[in-house]
Amino acid sequence: MAEAVAAGAGVAAALIQGKTALWDPLKRTIASSNDMDEIYGALDEAMNTLVAKKDDHDNMVQRRRTTMMPSNTYINWNHRVNVVAKEVEKLKVMYLKERKRSSWFSFNTRSNFTKKMKKTATRVFALMEEDTQLVDVLVDKEPARVVEMITPTITNIPTLQKPLEQTLGWLCDEKVRGIRIHGLVGSGKTTIMQNLNNHVKVAEMFDIVIWVTVSREGSMENRAIDQIQQIIAQRLKLDIDVTTHHDLVASRIREELKSIKYVLLLDDVKEDLNLDKIGVPMSDNGSKIVFTTRLQHVCSSIATRQTNVAPLNRKEALIMFKSVLDRPHLEENSSIKRLMPQIINWCGYHPLMIKVAAGVFRVKDTEESWHDGLMNLRKWPEKGDDTMQEIYRLLNSCFDCLKVTHKKCFFYSALYPEDSDIQKDCLLDNWAAEELLDAGDGVEVMRANGREVLDYLKMVSLLEENTVQQCIRMHKLIRLAALYNLSTNADQGILVKSGEALHKPVDVEFWKEKKWISLVDSKMNALPDQPDCSILSTLILQKNKNLEVIPRAFFKHMQSLRVLDLYDTRITSLPNSLLKLATLKVLYLQKCVALVELHREIGNLQKLEVLDIRGSGLENIPPQVESLISLRRLLVSFSSSMSINPTQKAANEVEVISKIPMLKELVVDVEGGLERILYGAIVNVVRLTRLSLLQFCFSDKVVDHIKAIGGSWKIYFPNERLLQSYIDRPDSVEFDKCQIFTGCDFSSHPHIMKFMPYFKFEGQVSDNTISKVLCNDAAIELVNHNGLEHLSSFTTENMNRIRSCVIKDCNKMRTIVDGNTGGGSILNHMEQLHMINLPVLKNICEGPMQGLKSLKTLILCNCPMLTWVCTYGVILQLPEIRHLEVERCPEIKEIFNGSTNIVSPILPNLKKLILVDMPQLRSILVSNSFEWPSLERLKILGCPELKRLPFQKNSAVKLTSIEAEKSWWEALENDEDIRDQFRRYCTLK
């Protein structure tokens, strides 16, 4: 089997490159042979290879579904593959069926069958040939109508809601072309505009909503025209090179916009805009332009209507403060409640300041800490009437409330440009390299501390989650205040510039005595030859696309450098002086497309811990990285365009990776098909005993494939076929300490975690696969297995290995154990059974009860055809049950069905009974006289027809918790003394 899989993988790899030579032998076999068995074997192998290729394409389509869609050519090819696959399956069934008979095909039948197989094979090979000619499996989707933004709701703040509603009304007016939203700094203009961007009526009115932040960072000017054009072009998905002249770009934008109804949202306009130069046409098809500004005179030729954003009133400011605070118990404290108006007054009723202040105070839990916080606000002196100065003053008072570690990490985050997406892992690596975090026992503990800091800064509203996965960002005004604070701090020399402010190199004198330097996203094309930067620890030069050469001695006087970020520059090589950076810990070379090789002495960087070469010009992972003795995190790319044979390439790359002595985390950007690298990579990577994370990054999501947690492993396989390929290899690892996820990633946590190993299968899975992976005391989760009617379908031996089981979304599952199959007793060791969303489940057992004798936990949820859980006869055979939970099963009228001639107690070990949302439930047991000697907790909600408690006054002596609705409890028909007996244990809703 292993050889067959290897052969199939080899054929698949060859097909990727269009090399038909490897399937020629299959063609010749089918064309020349008259041996039916031989022809059948060749046809089966060819069909498996074609299906494997189709699966690779389907996986790629699924992964990139957010940005791309399958081409019509591919849809047609895919359909024909499915048709021929069904025909081959019919031939296979016929072949195997006749093969078992004592009398084999007659000569004529055999001849006809052989002809059918040859004819079908011709179609299979034709589809293989077509696949090599498929140029565009995926095509770009049309731009999304709206790109939603994360923003607070303003429906409860009339001062902000009114301008929004005014603007929505004007968008419907054909006479209105442009709308100006005017207000002071921090008044909420951007929040109004974000709510406008997300509004459902806007999506209904326009073909596309385009957002542009117009202001230039730290300036009273707009961005350059070419920068605005690039933002619009990217939103429209126009393929325009950054070097294209702005007149040509304007022409392309104009051509695209004139045929659609658009709304252009321009945020923070600081001076007049020439829309014609940008390429925005003055259409008469109902297209609109909306812009925010602090200046009333700006763009008067565009604006035909204006709405003004007034300051919040006292009531609104208090509502906003409490909303962000989100601490009801603090609002109930009368002393703290009296301080709230003073805080919002000190914030000047600025929405941004209220948000930040509420974030700061939400982590203060005592009256004393609130008083101290208010005193801290008041200690900052007035600096005049300038609005920006006032905001700086207020924000600085909030910064002072931070702990030292939080403050350092927050200020470091301000080095990145405004409105930029900051990768969380990048930030954590940099914080750790700069030793800003509390030192812990190893890098993992330090990163865990970093995640806590990140969560705290988000909680206090100084950083915010972004729509881009794994990224955060900082509000531009908060960032400006942070930089203002740093610039006035003599102990923290910084140099931060970006965009238009960097059209020429920064004077070398400005580099002196700086600890952090960030020169980003500009047209800067040169660096000083040998700057004096003896205390510099972080240097960020990302997105300078004109920067091609770093001077040879540039790093000579940077002996303290720890973080070097050259992301998305056009450098062609690394100078020798870089190799002498004895303290360098983090090196980013991502998207350095002109960098085609690393220096042969890169191993001199003995302290380097993080290396990112994703999307660079390096076609292979250079063997020099093997000598990086401290490297713990490596970020690389695999692309089908880089090598003739992707499978062999993956094997070569992993060979290098496996020799990096301290590597713990491997992150892979996958540009080609995932399957092409799994064959050669996943086994060897698992064998790296120190590796704790293997992560694949696609265009629309990040998938963890291997993750080490507390001595155990999580491993993800996209489908059963790849899992089979893995376990058939002689060097596959044992599963005894693994959680295996097949067809679903492990971002969604398992329902049951008690037992190891743990197997979760999304979609159908064969008994053969289960028999190969299951070992004793395993847990298994079956999701969307739409061919499964009962667990008796699997072999008794396999089922008796299971200790815990979840069955979810299996549309044909009618029972758990089918005693009529005569397969013997099964599931004898199972302790936990969860059944969720099973639309045709009727009971847990049909026929004589066989198995489940060790069951301790039984949970049923959303099983609409279930009329009872089981009969009395069955429940008597389940004496070990401790936890019984039934929820959202609307047809259930009684929990246990059958005779009343039963010896009590029937569930002697039951501790927890939960019954929720069953409108027809009338009884748990026919009689209420049974004893419940172990029952400790009872929860009954949403069961209005259940009129009586299922026990007498002294028959549930251990019961100490009852959760129910107050109205239900008061309407119970039990004797008053029974209710009085248990009332003190009740939590009534």
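Remember, it's a predicted structure, so these values are computed and weren't measured experimentally. We number each residue from 1, following the sequence as shown.
Taking the six-membered ring for Trp and the full ring otherwise, the centers of Tyr588 and Tyr567 sit at least 6.0 Å from each other. Taking the six-membered ring where the residue is Trp, the centroids of Phe761 and His785 are separated by 6.0 Å or more.
Here the side chains of Ile844 and Leu860 are in contact, with some heavy-atom distance below 4.5 Å. The closest side-chain heavy-atom distance from Leu618 to Val596 is not below 4.5 Å. By the 4.5 Å heavy-atom criterion applied to side chains, Leu663 and Leu634 are counted as neighbours. You'll find the side chain of Lys842 stays beyond 4.5 Å of the side chain of Thr815, heavy atoms only. At a threshold of 4.5 Å between non-hydrogen side-chain atoms, the residues Val124 and Leu43 count as touching. At a threshold of 4.5 Å between non-hydrogen side-chain atoms, the residues Leu611 and Val625 count as touching. By the 4.5 Å heavy-atom criterion applied to side chains, His834 and Gln832 are counted as neighbours. You'll find the side chain of Leu838 reaches within 4.5 Å of the side chain of Met835, heavy atoms only.
Salt bridge annotation for Lys812-Glu789: absent, with no cationic side-chain nitrogen under 4.0 angstrom from a carboxylate oxygen. At a threshold of 4.0 Å, the pair Glu129-Lys27 counts as salt-bridged, since one of the basic side-chain nitrogens sits closer than that to a carboxylate oxygen. Salt bridge Lys116/Glu87: absent, no basic N to carboxylate O contact under 4.0 Å.
Here the CE atom belonging to Met47 is positioned 7.5 Å from the CG atom belonging to Leu127, to the nearest 0.5 angstrom. Leu788 CG to Asn811 CG: the interatomic distance, rounded to the nearest 0.5 Å, is 11.0 Å. How far CG of Asp131 is from NZ of Lys53: 5.5 Å, rounded to the nearest 0.5 Å. Rounding to the nearest 0.5 Å places OH of Tyr40 at 9.0 Å from CG of Leu91. The structure places CG of Asp37 at 3.5 Å from OH of Tyr95, a figure rounded to the nearest 0.5 Å. Expressed to the nearest 0.5 Å, how far CG of Leu791 lies from CE of Met830 amounts to 6.0 Å.
Remark: Asp809 engages Asn837 in a side chain to side chain donor-acceptor pair (under 3.5 Å) (not counting sequence neighbours). In this structure, the salt bridge (charged side-chain N to carboxylate O under 4.0 Å, His left out) partners of Lys424, at least two apart in sequence or on a different chain, are Glu465. Remark: Ser33 engages Glu38 in a side chain to side chain donor-acceptor pair (under 3.5 Å) (not counting sequence neighbours).
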Checklist entry - Would Val51 and Asp55 count as a side chain to side chain contact (heavy atoms under 4.5 Å, CB included) if you check the C-alpha gap in whole Å, the side-chain angles of each, and the deciding distance to 0.1 Å? => result CA-CA 6 Å; Val51 169; Asp55 287 347; 3.8 Å; yes

Checklist entry - Would Val636 and Asp669 satisfy side chain to side chain contact (heavy atoms under 4.5 Å, CB included), going step by step from the backbone distance to the final call? => result CA-CA 6 Å; Val636 299; Asp669 265 5; over 6 Å; no

Checklist entry - side chain to side chain contact (heavy atoms under 4.5 Å, CB included) between Val783 and Lys760: does it pass, once the steps are laid out? => result CA-CA 8 Å; Val783 182; Lys760 182 173 180 178; 3.9 Å; yes

Next on the checklist: Pair Asp612, Arg633 - check salt bridge (Lys or Arg N to Asp or Glu O under 4.0 Å), show working.
Outcome noted: CA-CA 8 Å; Asp612 188 348; Arg633 179 173 168 85; over 6 Å; no

Next on the checklist: Pair Leu666, Ile657 - check side chain to side chain contact (heavy atoms under 4.5 Å, CB included), show working.
Outcome noted: CA-CA 9 Å; Leu666 176 61; Ile657 292 168; 3.8 Å; yes

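The two residues Ala42 and Thr29 make their nearest non-hydrogen contact at CB-CG2, 4.1 Å. Closest non-hydrogen pair, Cys805 versus Ile807, comes out as SG-CG1, 3.8 Å. In plain terms, the two heavy atoms of Pro839 and Cys810 that are nearest each other are CD-O, 4.0 Å. Contact between Pro143 and Ile208 at its shortest, heavy atoms only, is CB-CD1, 3.8 Å. When all heavy atoms of His790 and Ile816 are compared, the closest pair comes out as CB-O, 3.7 Å. What you find for Glu142 and Lys237 is that their closest heavy atoms are O-NZ, 4.2 Å.
Using bins of under 30°, 30° to 60° and over 60° for the plane-to-plane angle, the ring pair His57/Trp77 lands in the perpendicular bin.
Judged purely by distance below 3.5 Å, without hydrogens or angles, the side chains of Asn78 and Asn82 pair a donor atom with an acceptor atom.
Arg123 places no side-chain N or O within donor-acceptor distance of the main-chain N or O of Arg80, the cut-off being under 3.5 Å. Formation of a donor-acceptor pair under 3.5 Å by the Lys118 side chain with backbone atoms of Ile30 is found in this model. For Thr769 (side chain) and Val765 (main-chain N/O), no donor-acceptor pair under 3.5 Å exists by modelled atom type. Judged purely by atom type and a 3.5 angstrom limit, Arg803 has no side-chain atom pairing as donor or acceptor with the backbone of Ala778. At least one donor-acceptor pair closer than 3.5 Å links the side chain of Asn48 to the backbone N or O of Asp44. Counting only distance, with no hydrogens or angles, the side chain of Ser637 and the backbone of Gly615 share a donor-acceptor pair below 3.5 Å.
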